[in-house]
Amino acid sequence: MDAVASPRKMPMLEMPQGQQAFAIVDRIYEAAFATELWPEVLAVASAISRSANGAIFVVSDHSPVRAVTETHLQPLLDEFMKGDTWRFSESVKRLCAAQPASFVRVACEEIERDPVRKTATAFGIGPHLCTAIPMPGGELVLFVFQRWLKDGSYDQAAIDLLNGLRPHLARAGLVAGRLGLERARTAVSILREIGLPAAIMSGSGRVLTANPLFEGMADVFLPTAHGGMAIADQTANALFQQAIAQNRDNRVVRSIPVAAIKGRPALVIQLLPLRRAAHDIFSGADVLVVATTVGTGATVPSPNVLSGLFDLTPAEARLAVELASGHSVQEAAMEIGIAVKSARTYLERIFRKTETSRQSELVALLKSAWSFS
């Protein structure tokens with residue numbers, strides 16, 4: 001499929017920019033399952049951010065690196081991925097180590113010093129925007145957008161636009177990474193291949209089918225009347241039921257932390273809407289529910305995890321971490337170098353995104369999801 005000339009993509013590019021960004025969200029969740037559509041999704045994101053190209057990489061300790069890009073630069077990506085040469089790219093290693101919680105610029109001079117990136121420069125590729133999204137299961141999903149040398153550097157408006165898509169790219173990347181960037185043909189094969197506890201539900205909250213990993217978590221997921229489902233943890237269940245109810249109207253996307261208990265680590269429950277082709281793949285189901293475990297190395301989540309979990313901006317995530325560590329708003333503001341007034345503004349946004357209303361409630365939510373009894 002030629003992603004550049006795809007007739008499905010062109011009507012979207014004729015929309016006003018705000019509508020383009022809204023429409024592409026549906027395509028992102030569609031590509032999570034119909035992964036042959038990633039080149040098209042990346043092409044539209046490139047067009048609205050004035051990029052020459054976009055690519056997605058999935059890095060894991062347990063499998064080879066997988067990557068997808070737009071059709072017109074696939075040969076360049078194939079050359080980049082040949083053998084292990086990509087591992088010697090300083091910019092790739094720095095990105096994997098830093099794991100920025102937003103799209104960041106990669107300096108042109110850094111690219112010029114990188115032997116692997118010289119090929120891109122020779123091809124006419126210049127400035128890069130990159131982000132790295134750590135998944136609870138250990139995978140690292142990288143999204144990279146590039147501009148032609150002639151088009152100059154990325155401005156803040158383009159970065160803001162891609163950052164607005166980042167939470168959706170993160171959730172879609174969770175599924176795409178587990179499926180190996182290859183399309184699973186049926187609901188049953190997806191639930192088997194995803195390698196995570198997963199179930200599919202109707203818009204009304206009825207469980208249609210679940211994989212054995214999900215069915216084996218009877219201490220987490222409880223059956224309810226009329227084929228419904230609840231979460232044993234009361235705090236998490238309140239958020240879960242609210243998400244299911246809201247999904248009937250606006251297909252809400254939600255990440256829900258579940259506190260650890262003795263013998264079981266903390267979990268993150270992801271609700272992903274099934275849209276367009278994904279809706280067809282799952283025989284008309286509306287929501288995919290996936291459970292992933294959270295690492296046990298810390299009692300307070302990292303800013304990167306919080307950013308992906310609750311769609312927090314980098315500044316909001318840093319503030320949330322300081323608050324969860326026991327600091328007051330004033331102390332947290334001083335620690336991260338912002339005004340107290342700004343910190344209070346960030347806190348109000350954090351309350352809205354985490355469905356909490358008080359600082360003590362927020363801190364309890366964050367710490368309980370990473371603690372063990």
Side-chain angles (χ1 to χ4, degrees), residues 1-58 65-81 103 120 123-125 128-131 133 141-148 151 154 158-159 161-186 190 193-194 251 253 272-282 288:
M1 180 179 65
D2 186 346
V4 176
S6 169
R8 298 181 64 196
K9 172 177 65 104
M10 294 309 296
M12 192 186 303
L13 298 183
E14 296 169 0
M15 301 175 183
Q17 190 176 74
Q19 292 183 25
Q20 291 172 6
F22 180 80
I24 194 177
V25 171
D26 270 6
R27 295 291 177 85
I28 288 171
Y29 287 113
E30 181 182 24
F33 305 95
T35 52
E36 71 273 17
L37 299 180
W38 272 115
E40 177 180 321
V41 171
L42 294 167
V44 176
S46 291
I48 63 178
S49 61
R50 294 184 55 238
S51 299
N53 182 61
I56 173 176
F57 298 81
V58 179
V65 175
R66 291 147 291 169
V68 171
T69 190
E70 298 176 42
T71 302
H72 68 289
L73 285 186
Q74 188 64 50
L76 184 63
L77 179 66
D78 292 341
E79 181 66 26
F80 176 70
M81 298 299 295
F103 277 95
F123 197 82
I125 295 293
H128 288 50
L129 281 184
C130 305
T131 192
I133 304 169
V141 178
L142 313 179
F143 286 93
V144 180
F145 288 89
Q146 308 157 311
R147 275 190 174 171
W148 298 116
D151 290 334
Y154 281 97
I159 296 174
L161 189 151
L162 290 174
N163 277 334
L165 296 177
R166 187 179 182 274
H168 306 290
L169 293 171
R171 291 187 175 93
L174 169 67
V175 175
R178 284 292 175 137
L179 294 181
L181 294 176
E182 298 175 358
R183 181 171 183 159
R185 296 294 178 183
T186 67
I190 286 179
E193 293 171 23
I194 201 171
R251 296 179 295 181
V253 181
L272 283 77
L274 301 174
R275 300 181 179 176
R276 300 170 61 88
H279 185 75
D280 297 334
I281 291 171
F282 283 96
L288 173 71

Do the side chains of [Y] and [X] get nearer than 4.5 Å, heavy atoms only?
{"X": "Glu30", "Y": "Val41", "value": "no"}
{"X": "Ile125", "Y": "Leu73", "value": "yes"}
{"X": "Leu142", "Y": "Cys130", "value": "no"}

Roughly how far, to the nearest 0.5 Å, is [atom2] of [Y] from [atom1] of [X]?
{"X": "Ile159", "Y": "Arg166", "atom1": "CD1", "atom2": "CZ", "answer": "13.0 Å"}
{"X": "Leu42", "Y": "Thr71", "atom1": "CG", "atom2": "OG1", "answer": "10.0 Å"}
{"X": "Leu162", "Y": "Leu129", "atom1": "CG", "atom2": "CG", "answer": "6.0 Å"}
{"X": "Ile24", "Y": "Leu165", "atom1": "CD1", "atom2": "CG", "answer": "5.5 Å"}
{"X": "Asn163", "Y": "Leu169", "atom1": "CG", "atom2": "CG", "answer": "10.0 Å"}
{"X": "His128", "Y": "Arg147", "atom1": "NE2", "atom2": "CZ", "answer": "13.0 Å"}

Where is the tightest heavy-atom contact between Phe57 and Ala67, given as atom of each residue plus distance?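 Looking at all heavy atoms of both residues, the shortest contact is CD2-CB, 3.5 Å.
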
Minimum-distance pair of heavy atoms, taken over all atoms of Gly54 and Thr69: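 Gly54 and Thr69 have their closest heavy atoms at O-OG1, 2.9 Å.
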
Side-chain donor or acceptor of His72 paired with backbone N/O of Asn53 under 3.5 Å: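 Side chain of His72 to backbone of Asn53: no pair is present.
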
Looking at Ala31, is its backbone amide N or carbonyl O close enough to the side chain of Trp38 to form a donor-acceptor pair, meaning the two atoms are under 3.5 Å apart?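 Here the side-chain-to-backbone pair exists.
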
Using the ring pair (Phe, Tyr, Trp, His ring centres under 6.0 Å) criterion, which residues pair with Phe145? Sequence neighbours excluded.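 For Phe145 the ring pair (Phe, Tyr, Trp, His ring centres under 6.0 Å) partners, ignoring immediate neighbours, are Phe103.
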
All side chain to side chain donor-acceptor pair (under 3.5 Å) counterparts of Ser51, not counting sequence neighbours: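 Per chain and number, Ser51 pairs via side chain to side chain donor-acceptor pair (under 3.5 Å) with Ser49, Tyr154.
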
